[in-house]
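Data block below; observations after.
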Amino acid sequence: MSSLPLLSLIILVPWAGALLLAFLGKASAAAAHGLALLFSFSTLALGLVALAGFDPAVTGPQFSESHTWIRALNVRYHLGLDGMSLLLVLLTGLVSPAALLAAWKNDRDPALFGALFLLLQGAALGVFLALDFFPWFLFWELSLVPAYFLIRLWGGPGGTAAAYQFVVYTIGGSAFMLLGFAALFGTAGTMDFGELAALAAKGEIARLLPGIAGTAVFVGVLLGLAVKVPLFPFHSWLPATYAEAPAGATMFLTGIMSKMGVYGFLRILWPIFPDHLHAAAPCLIWLALGGVVFGAWAAMRQTDIKRMMAYSSVNHLAYCLLALFAVSYATGRDGLTGEAAGAALAGTLLQMFNHGLSAAALFFALGVIEERAGGKRGIANFGGVRTAAPVFAGLCGVALFSSLGLPGLNGFVGEFLIFRGAWGLHPVATSVATLGLLGTALFLLTFWQRVFHGPARGAGIGFADVTGRERLVLALLAALMLLFGVLPGLLTKLFNPLVTAWAGHLTLP
Amino acid sequence: MIAFVVIAVIVLAAASVAMCLRNLVHSVLLLVGCWAGIAAFYLWAGAEFVAFAQLLVYVGAVSMLSLFAVLLTRRSFHDLDIAPESVTRATWALLTAGAVAGVLVGTILGSPLGKVADSAPPVSVRQLGEELAGPQVAGLLVVGVILTVALLGGVVIAAQDKEGKQ
Amino acid sequence: MITAEQLWLIPLLPLLAAGLGALTPRRGLAVASGAAIAGLVGSFIVSCLALRTALAHPAEHAAYNFTWFALGDGAVRLGWLLDPLTAFMCVMVTFVGSLIFIFSLGYMKEDPNAARFFCFLSLFAAAMLGILISNSLLSLFVSWELVGLASYLLIGFWFHKPEAAAAAKKAFITTRIGDLGFLLGLVWLYDATGTLLLFDNGAGALEAPALGGMAAQVAMFGLPVTTGIGLLLFCGAVGKSGQFPLHVWLPDAMEGPTPVSALIHAATMVAAGVFLIARIYPLMAADLVMEAAPIHALTVVAFIGAITALMGAVIAVAQNDIKRILAFSTVSQLGYMMLAIGVGSWTAAIFHLLTHAFFKALLFLGAGSVIHAAHHEQDIRRLGGLKGHMKATFGTFAIGMMALAGVPFVFSGFWSKEAILHAAHEWDVSHLPLYAGLCAVVLTAFYMTRLMAETFFGKARTEEASHAHENSAVMTVPLVLLAICSILLGFLGTPAHPWLQSQLLGAEVEAHGIFEGAGLMILSIVLVGGGIGLGWFIYGRNLRAMATDKDPLERASPGLIAFLGKRLMFDELYAATAGRLNTFGAAFSDFMDRQVWGGLVNFTGRFGLFSGWFSRDTDEGGLNGGFDAGSAGLRGSGKFYSRRQSGDAHGYLRTVALGFVVLVIAVMLGGGW
Amino acid sequence: MNPLQLCLVLSALLFSVGLGAALSRSHAILVLLGVELMLNAANLNFIAFWRYGPPTAPADGILFVIFSIAVAAAEAAVGLALVIAIYRHQKNIRLQEASKLKG
């Protein structure tokens with residue numbers, strides 16, 4: 001196995017599939033769907049191969065591939081996989097096929113859809129695996145192109161505008177990040193994440209970019225990542241985008257692309273700018289809290305079910321950032337043990353994975369609802385769906401309760417660890433964040449009550465129960481939620497040493 | 001040195017006059033002279049290959065293109081005599097150009113441009129070819145693509161139908 | 001013999017039954033119900049064996065701990081705990097639960113979704129048993145929430161009824177408010193002690209080293225850490241056990257099928273809060289050693305309990321729905337239990353919990369029997385005269401009523417209530433809880449008498465009531481069994497022989513003769529008698545003839561009764577405060593989102609990047625892109641920028657050139673960057 | 001004044017002439033030609049530095065100019081094609097009237 005460039009394969013196989021589909025042209029819909037699905041599954045398969053050869057005790061990158069790319073700029077094609085990457089690769093492997101299955105009924109140019117989707121999948125994987133800023137940024141930006149077309153061509157009535165807004169926002173954010181990294185490269189002479197982090201740990205970055213220059217670079221990178229996650233208040237592109245995108249694309253957007261942002265926070269911002277983040281943390285914590293609380297509250301007012309769930313994503317990802325900011329906030333404090341920080345970081349990683357799973361399942365279910373209702377998404381258009389479709393209701397309910405953090409399902413463990421860690425680091429913020437938990441429960445149950453309960457109404461009348469394909473996807477996702485809820489150790493053991501190492505030396509340079 | 005001064009005078013004079021004339025065809029013809037002067041400068045500096053490229057591209061191709069463009073975009077012979085420009089804009093233009101020139105010349109004269117080399121670095125065409133086909137091949141390819149695209153683009157744009165499509 | 005290590009068997013059996021029930025098709029009632037009953041009876045047997053083990057060494061907290069998953073250098077650990085408290089509770093839950101499951105066979109047999117019902121019931125039982133056997137607050141919390149889920153599913157079982165769906169949501173949300181406190185207490189405790197295990201060979205959170213360390217630490221306002229943690233954990237109990245001020249969900253929860261009310265909202269789930277506080281009693285009491293502390297956690301518990309006990313009883317007087325009366329009586333009795341813990345006698349609380357579980361389950365099942373027989377008529381004004389038609393139900397219901405009212409000597413409720421009042425009497429902080437408890441005694445006797453009189457005596461006031469007839473044996477046998485227990489159980493813990501308390505404490509509790517607390521006992525007997533007498537005087541003597549007749553109390557004081565009937569307007573109060581605040585918050589967030597953030601961020605982004613050439617496109621994209629509400633401002637900004645864009649190429653070029661000049665001059669003047 | 005500076009001054013003046021033309025004339029073709037002059041001035045600089053500047057890789061300056069000329073040729077081709085297209089569209093190539101870029 002060692003001779004095979006496994007990580008490159010992980011990225012390139014979906015792209016090969018995209019290429020194949022692009023040349024396939026007008027093949028039958030079934031063939032296009034099947035091929036796309038097949039290539040999409042490669043991620044899971046290769047991810048499992050990586051899992052088999054993965055040694056959790058090693059905290060550095062594994063399966064590394066490093067080739068000189070542009071010598072003059074010291075750019076290297078550097079891939080590597082650690083516990084966090086592996087977790088996200090596996091998540092991509094799980095969510096992507098499910099997202100493709102959500103688009104199974106799509107008969108408008110399925111080959112193009114599949115090609116774009118696989119392109120997106122490969123780019124996202126590249127983001128999770130690249131360890132040099134240059135290729136990382138290429139993958140990062142490359143993911144926008146297929147996403148744009150997926151939203152625009154297959155989206156709802158407002159798809160074009162939403163896609164435009166989405167791309168403008170994210171590129172706007174990335175531009176700042178690119179500028180920041182250009183400055184960083186200009187001074188440090190390298191764009192390798194590992195080398196930069198090592199420099200930062202020695203305080204070199206702060207020395208090279210003193211004062212306002214360093215702050216400007218930090219803010220630039222922060223902006224780029226914050227838009228992607230999104231961190232409140234940079235989230236305003238999200239509701240429209242999630243609502244208008246086709247179900248498959250939304251699943252990928254919320255399941256994977258939002259994780260790219262959090263991943264960036266953990267991989268780039270935190271290691272490279274520890275002192276800046278520490279300085280900004282008191283303020284950022286409140287932004288994250290804003291996401292937690294306002295996200296939940298704003299969701300309550302939505303009448304469009306997809307917009308509502310979109311806000312729930314704002315809320316859930318804000319927990320991840322809350323934990324990270326709390327860790328950074330407390331860094332360097334006297335008597336800080338790694339225990340709380342480790343719990344918070346482990347919770348962040350778990351939350352990323354779990355939110356990916358449950359949000360994907362929820363949006364899959366919303367896609368089913370939307371499809372049955374002929375594109376209607378208003379909460380008032382439904383009622384009593386559970387009477388007509390008990391199996392669908394049951395499976396959707398699992399996703400829903402996972403999303404609101406019911407113990408026994410996957411969502412709980414991450415949130416618990418985040419709260420457990422954050423309490424020791426910033427008790428006030430943690431207490432306020434519970435409001436978000438309450439709000440989430442409130443609007444999710446309101447959604448559930450209006451759409452599924454009560455007498456049958458609107459599109460709820462004669463709502464057809466799940467087909468075999470839908471049942472398969474939802475049941476598998478539900479089973480995974482249950483599995484990871486009962487045995488979170490399956491996931492934590494992948495990254496526990498990594499997180500322990502992170503939490504072990506929380507000092508400021 | 002004298003050669004340089006002559007070349008400089010020719011180039012600048014041709015350029016300035018060409019830019020002030022009101023007859024477009026005359027302007028283009030004068031510009032040809034200017035470009036030829038620049039080619040002469042390259043020869044004087046020892047960059048023969050560039051001089052030939054300059055001759056071929058500017059004196060040969062761009063001038064023809066410009067002439068064709070001039071001739072294709074007139075409705076009558078009179079159109080060649082273009083209308084006088086607005087005085088305000090001309091003033092602004094002169095002021096701006098003067099400012100830029102002043103700044104540039106001032107900077108150049110103010111810079112300590114140390115000791116200069118005595119002779120041109122010897123470069124054979126073979127060497128250039130090896131450079132282009134070797135380390136710079138990516139650039140060469142990119143330029144090739146750009147030129148092709150520009151050619152195609154030019155054709156497409158210029159050949160657009162008249163049905164009012166923009 | 002069952003040891004702590006095998007304790008997982010107890011919740012596992014119902015859990016398997018639940019899984020089986022979830023997978024059976026809708027028609028598979030026999031399979032689902034059979035599995036549910038078999039599972040729970042199985043756990044009952046295991047529980048009895050566990051009780052035997054526990055009673056062999058009552059002072060021992062036998063714990064079995066294991067790693068759930070690794071975290072950092074340590075691990076998150078869970079565990080099972082076997083001591084008399086756990087064992088008694090398990091036996092009670094499985095026994096009462098089994099009887100209620102059997103009762104449900106009869107009650108739910110016509111429901112098309114009955115298979116699902118048994119699945120949910122089993123899930124509930126499994127979660128409840130999970131709470132009981134947990135040695136880790138984390139697994140306790142997990143089970144706790146699962147109980148909440150099962151309760152949600154069961155209250156909303158008839159989900160096509162909007163009221164049931166709303167009640168289910170209300171229950172879940174209200175208890176979740178308390179659970180957030182629980183969660184915070186949990187993480188605080190974890191942070192303070194590094195463990196959530198209760199007993200762990202000296203390293204557990206409830207053991208002396210950890211408690212001592214925490215009690216010595218002052219968190220804020222001069223309160224020790226344990227007080228903070230204790231109060232936060234108590235929030236969870238307040239939510240789950242329907243204590244003031246989070247009691248509002250419990251009466252609404254009566255929208256669920258009656259066996260659910262009996263099982264969850266009378267006997268077991270609501271008792272979980274009491275169990276929790278009893279379980280962590282050492283933590284709650286740890287701050288008592290701090291004389292200087294401004295307030296002790298247990299004091300809060302006692303007063304909340306006292307308020308709840310009195311409030312529930314007062315409201316129950318003016319309710320007309322048979323299940324609501326019982327629900328408020330449950331609220332009131334739970335208040336008693338909390339009161340007992342607060343005044344320092346958690347054994348009395350558990351004693352009352354156990355006896356209450358039996359007689360309240362009996363009362364609810366009796367009510368269910370009545371409702372089932374009377375074709376789902378629940379309004380006591382529209383019943384009446386059932387004594388003749390339903391002898392078994394009447395007899396058992398009367399036993400339950402007397403146990404609840406605390407009729408002396410024979411009935412279990414008397415002894416457990418006596419133990420609580422005795423403890424309250426001995427509390428030296430304040431006697432207010434005692435007085436509240438005594439008032440509640442009168443009121444309880446009064447409203448239960450009213451309930452009996454209106455429901456069973458006189459003659460039938462409606463068609464439904466007159467056609468009522470006794471239910472089948474599957475429903476009456478559980479009633480009889482529960483009635484027997486309601487009597488016998490009291491003798492486990494009489495003052496003369498407090499066996500139960502001794503076992504729970506693991507130490508001999510000194511028996512004090514009947515005459516030692518005789519004054520108090522006589523007073524309470526008098527009060528019970530007074531309550532019953534008053535009830536009979538007002539309602540029993542001249543029974544209403546028509547369903548529409550006014551209530552005698554309502555005639556006397558219509559305003560007060562209406563106020564009580566509306567349950568002291570708590571729902572209205574919450575709707576006007578928290579509800580409105582929430583609505584406002586949501587509206588505000590939504591407004592900010594639509595109007596401010598989108599515009600602000602878009603504006604900044606535009607400023608940096610798109611102010612130039614593409615401003616028209618951005619404008620269009622932005623406008624159509626969902627900033628509909630904020631469009632006016634955006635359009636304004638777009639106009640502003642587009643005015644800078646004359647479209648004049650010369651202008652652009654000139655600007656660039658002049659900019660260059662300025663830049664160079666600036667650099668030269670500035671002497672470099 | 002050494003030869004390098006002379007060359008640079010020549011280039012600067014040529015650049016300014018081009019700029020002045022591009023700024024003052026309204027005829028699109030003349031503007032384009034002005035821009036071409038500015039490009040030429042830049043090329044002059046390259047050669048000047050190559051010839052007189054501190055020694056580097058021998059062929060770099062020349063290569064740069066070659067690429068630059070190639071790109072300039074492309075630019076001229078596209079620019080003039082655009083002029084023709086605009087002319088077709090509005091029968092006029094005065095730049096002031098071709099202000100469709102306006103928002």
Side-chain angles (χ1 to χ4, degrees), chain B residues 4 8 11-12 15-16 19 24 27 31 35 38 41-42 45-47 49-50 53-54 57 61-62 65-66 69-70 72-73 82 85 89-90 92-94 96-97 100-101 104-105 108-109 113 116-117 120-123 127-128 131-132 136 139 143 146-147 150-151 153-154 157-158 160 162 166, chain D residues 1-6 8-10 12-21 23-27 29-30 33-34 36-37 40 43-44 47-48 50-55 58-59 61-63 65-67 69-78 80-85 87-89 91 93:
Chain B
F4 173 78
V11 166
L12 286 179
S16 330
M19 291 297 127
L24 271 178
S27 285
L31 269 183
W35 286 327
I38 293 173
F41 171 80
Y42 291 154
F49 190 81
V50 180
Q54 171 84 6
V57 173
V62 177
L65 265 177
S66 315
V70 170
L72 277 172
T73 55
I82 54 177
E85 310 295 337
R89 195 169 58 248
W92 265 112
L94 278 181
T96 313
V100 169
L104 282 177
V105 172
I108 290 165
L109 296 184
L113 292 164
V116 297
V123 180
Q127 228 176 327
L128 279 178
E131 280 278 327
L132 279 176
Q136 311 294 342
V143 166
I146 289 179
L147 282 174
L151 181 68
I157 293 171
Q160 242 172 14
K162 294 186 177 180
Q166 299 192 28
Chain D
M1 203 152 63
N2 61 34
L4 176 55
Q5 276 174 325
L6 270 180
L8 294 183
V9 169
L10 168 63
L13 292 178
L14 190 59
F15 183 88
S16 305
V17 170
L19 179 65
L23 281 181
S24 63
R25 307 306 294 264
S26 60
H27 196 279
I29 293 182
L30 267 175
L33 291 178
E36 287 295 333
L37 274 185
N40 264 307
N43 288 349
L44 266 176
I47 292 299
W50 166 78
R51 168 68 181 77
Y52 292 111
I62 290 184
L63 285 172
V65 177
I66 288 173
F67 285 136
I69 288 178
V71 173
E75 179 246 333
V78 175
L80 291 171
L82 274 174
V83 167
I84 292 173
Y87 173 77
R88 282 240 190 91
H89 185 62
K91 296 292 168 217
I93 44 177

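In the text below, chain A, chain B and the rest are named by the order of the sequence lines, each starting its count at 1.
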Which atoms of [X] come close to chain D, meaning under 4.5 Å heavy atom to heavy atom: side chain ones, backbone ones, both, or neither?
X	result
B/Ser16	both
B/Leu94	neither
B/Ile108	both
B/Ala61	neither
B/Val57	side chain

Which residue out of [options] racks up the most heavy-atom pairs below 4.5 Å with chain D?
options	value
B/Val105, B/Leu151, B/Leu65	B/Leu65
B/Ile146, B/Leu132, B/Val62	B/Leu132
B/Ser27, B/Gly153, B/Ala8, B/Ala53	B/Ala8

Counting heavy-atom pairs under 4.5 Å with chain B, the top scorer among D/Val78, D/Leu19, D/Leu82, D/Leu44 is D/Leu44
Out of curiosity, [X] [atom1] to [Y] [atom2], how far, rounded to the nearest 0.5 Å?
X	Y	atom1	atom2	result
D/Leu14	B/Leu104	CG	CG	11.5 Å
D/Leu23	B/Thr96	CG	OG1	5.5 Å
D/Ile62	D/Ile47	CD1	CD1	5.5 Å

So, does D/Arg51 use its side chain to make a donor-acceptor pair with the main chain of B/Gly46 at under 3.5 Å?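 Such a contact is absent between D/Arg51 side chain and B/Gly46 backbone.
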Could you check whether any side-chain N or O of B/Glu131 sits under 3.5 Å from a backbone N or O of B/Gln136, counting only pairs where one atom can act as donor and the other as acceptor? no
Sub-4.5 Å side-chain heavy-atom contact between B/Phe49 and D/Ile66: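 Side chain of B/Phe49 against side chain of D/Ile66, heavy atoms only: contact under 4.5 Å found.
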Taking side chain to side chain contact (heavy atoms under 4.5 Å, CB included) as the test, write out the residues that go with D/Val71, two or more places apart.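 Per chain and number, D/Val71 pairs via side chain to side chain contact (heavy atoms under 4.5 Å, CB included) with no residue.
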